[in-house]
Engineer: 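Have a look at this one.
Residue numbering restarts at 1 for every chain, and letters A, B, ... go by the order of the sequence lines.
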2 protein chains.
Amino acid sequence: MAKRNSLKEDACPVARSMEAIGDCWSMLIIRDAMLGKKRFGEFQKSLGVAKNILTMRLRALLDDGLLKLEPGADGSAYQEYVLTDKGRAVFPIMVALRQWAEDYAFKPGEETNIMVDRETGRRIRKLELHADDGRLLDLGDVTLKPATA
Amino acid sequence: MAKRNSLKEDACPVARSMEAIGDCWSMLIIRDAMLGKKRFGEFQKSLGVAKNILTMRLRALLDDGLLKLEPGADGSAYQEYVLTDKGRAVFPIMVALRQWAEDYAFKPGEETNIMVDRETGRRIRKLELHADDGRLLDLGDVTLKPATA
DNA sequence: CCGTATCCATTCCGATACTG
DNA sequence: CAGTATCGGAATGGATACGG
């Protein structure tokens, strides 16, 4: 996107999310952070991205409040990038992206990885959207309404 | 992203999703399509994007199988862009993006719109992730496991 | 109304070299 | 190890003019 500012002020929440985490690298950094990665080198190795790019993305995520810097816990002299609450809240987005691709972006037989329940090791269910009375909702069951945050 | 191909073959589903719909315009086009927009001009007006860009994005979405072309239903001479099953399946991703931004990307008082139950007009719940035995899961409760699609 | 074609500016990204 | 500095190439996007 060129006109980033236009989206930062867009009234649609979807546009704002895309502005903050729609970038490919940002999302993958958050993915790695959710898997426990914390150090510059870990991200760099995992993503195979140029270091200057990684620096830029990490800084953007820090600025947006998705990551924060903490002193190295294991006595390391270096700081660590850890998720904030705002960053951890991206979890449902990641799950949604993952589940979609599992269904539509792999050919049978391709290598991949799946998300499982840590306790049982068994596959998890699809994300579910419920009305406040508990009814399961799909695309056709919802609409938008103007509001004030 | 420059090296698109590297992601299209990445084993991580999240990377593949970002490859297909991580683009900002693509996501917003899908958003509009979910709101019922079908025609080139509708998208163009809603997004305010240059027409050549819109053409490119629409073609990419057609190629990826998220949209398909159908003859104009209302007798119009022009074709309409409608979501395929694969495109409609993006719904949870959109909801996740929306809910995240509603919580973290708006200052109090800002104008926005919210997703409501079409029947009752009332706000919907947060997306939920359940284990196959029904337990509600969060970030700490899941892991990845290698698999074959 | 629905695009396509052209041109230009910007942004992004990768590789590399360098510093503390 | 954790960055910063610089460079060049590629992709992207916006504006506009044009054609079916």
Engineer: Test of understanding: with side chain to side chain donor-acceptor pair (under 3.5 Å), list the residues that count as partners of A:Gln44, not counting sequence neighbours.
Structural biologist: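 With sequence neighbours excluded, A:Gln44 shows a side chain to side chain donor-acceptor pair (under 3.5 Å) to no residue whatsoever.
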Engineer: Determine which pairs satisfy salt bridge (charged side-chain N to carboxylate O under 4.0 Å, His left out) with at least one residue from residues 83-104 of chain B, sequence neighbours left out, and list them in order.
Structural biologist: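 Applying salt bridge (charged side-chain N to carboxylate O under 4.0 Å, His left out) to every pair that reaches into residues 83-104 of chain B, excluding sequence neighbours, yields B:Asp85-B:Arg88, B:Arg98-B:Glu102, B:Glu102-B:Arg123, B:Asp103-B:Lys126.
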Engineer: Is any side-chain N or O of B:Tyr78 under 3.5 Å from a base N or O of C:dC1, one able to act as donor and the other as acceptor?
Structural biologist: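 Pair found.
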Engineer: Enumerate all atom pairs, one protein N or O and one N or O from nucleotides 5-8 of chain C, separated by less than 3.5 Å.
Structural biologist:
residue, atom, partner, partner atom, Å
C:dT6, O4, B:Asn52, ND2, 3.0

Engineer: Among residues 31-45 of chain A, which contact DNA chain C at a heavy-atom distance under 4.0 Å?
Structural biologist: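 Correct list: empty, so none.
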Engineer: For A:Met56 and A:Gly48, take the nucleotide of DNA chain C holding the closest heavy atom to each; which residue's nucleotide lies nearer the 5' end?
Structural biologist: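 Result of the comparison: A:Met56.
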Engineer: Taking atom P of D:dA2 as reference, at what distance in whole Å does atom CG of A:Leu58 sit?
Structural biologist: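 So the CG-P distance, A:Leu58 to D:dA2, works out to 11 Å.
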Engineer: Would you say B:Tyr81 places a side-chain N or O within less than 4.0 Å of OP1 or OP2 belonging to C:dG3?
Structural biologist: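 Indeed, a polar side-chain atom of B:Tyr81 lies that close.
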Engineer: Checking B:Arg122 now: which residues fulfil side-chain contact (heavy atoms from CB on, under 4.5 Å) with it, not counting sequence neighbours?
Structural biologist: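 Here the qualifying residues are A:Asp132, B:Thr120.
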Engineer: Both conditions, 6.0 Å and 45 degrees, for the charged tip of B:Arg39 above the ring of B:Tyr81: are they met here?
Structural biologist: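 No - B:Arg39 does not lie over the ring of B:Tyr81 by the 6.0 Å and 45° rule.
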Engineer: What pairs with B:Arg59 under side-chain contact (heavy atoms from CB on, under 4.5 Å), at least two apart in sequence or on another chain?
Structural biologist: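 Expected list: B:Thr55, B:Asp63.
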Engineer: Output all residues satisfying side-chain contact (heavy atoms from CB on, under 4.5 Å) with A:Lys37, sequence neighbours left out; order by chain, then residue number.
Structural biologist: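 Checked A:Lys37 against side-chain contact (heavy atoms from CB on, under 4.5 Å); matches are A:Asp32, A:Glu42, A:Phe43, A:Ser46.
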Engineer: Please enumerate all residues that pass side chain to side chain donor-acceptor pair (under 3.5 Å) together with B:Ser26, with sequence neighbours excluded.
Structural biologist: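 Expected list: B:Asp23.
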Engineer: If hydrophobic residues (ILVMFWY) are linked whenever their side-chain heavy atoms come closer than 4.5 Å, directly or via other members, who joins B:Ile114 in its cluster?
Structural biologist: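 Grouped by the 4.5 Å side-chain rule, B:Val116 form the rest of the cluster around B:Ile114.
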Engineer: Using Watson-Crick and G-U wobble pairs with both distances under 3.5 Å, what is the 5'-to-3' dot-bracket string of DNA chain D, with [ ] for crossing pairs and | for pairs outside the strand?
Structural biologist: ||||||||||||||||||.|
Engineer: Indicate yes or no: at least one non-hydrogen side-chain atom of B:Pro13 is less than 4.5 angstrom from one of A:Thr112.
Structural biologist: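 Yes. Closest side-chain heavy atoms under 4.5 Å.
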Engineer: Can you measure B:Leu28 atom CG to D:dG13 atom P for me and round it to whole angstrom units?
Structural biologist: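 To the nearest whole Å, that distance equals 12 Å.
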Engineer: Report the distance from atom CE of A:Met18 to atom C1' of D:dT12, rounded to the nearest whole Å.
Structural biologist: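 After rounding, the reported distance stands at 15 Å.
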Engineer: So, is A:Thr55 near the phosphate of D:dG3, with a side-chain N or O under 4.0 Å from OP1 or OP2?
Structural biologist: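 Indeed not, no polar side-chain atom of A:Thr55 lies that close.
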Engineer: Could you tell me how far apart B:Leu47 (CG) and C:dG3 (P) are, to the nearest whole angstrom?
Structural biologist: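 The distance from CG of B:Leu47 to P of C:dG3 comes to 14 Å, rounded to the nearest Å.
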Engineer: Name all pairs fulfilling the salt bridge (charged side-chain N to carboxylate O under 4.0 Å, His left out) condition that reach into residues 137-147 of chain B, sequence neighbours left out, sorted by first residue then second.
Structural biologist: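 Output for this query is empty, none listed.
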Engineer: For B:Glu111, give me all partners under side-chain contact (heavy atoms from CB on, under 4.5 Å), at least two apart in sequence or on another chain.
Structural biologist: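 Residues passing side-chain contact (heavy atoms from CB on, under 4.5 Å) with B:Glu111: A:Thr148.
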Engineer: According to a strict under-4.0 Å criterion, is B:Arg59 in side-chain N/O contact with OP1 or OP2 of C:dG3?
Structural biologist: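 B:Arg59 to C:dG3 OP1/OP2: no side-chain N or O under 4.0 Å.
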Engineer: I need the CG-P distance between A:Leu54 and C:dC13, as an integer number of Å.
Structural biologist: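 A:Leu54 atom CG is separated from C:dC13 atom P by 12 Å.
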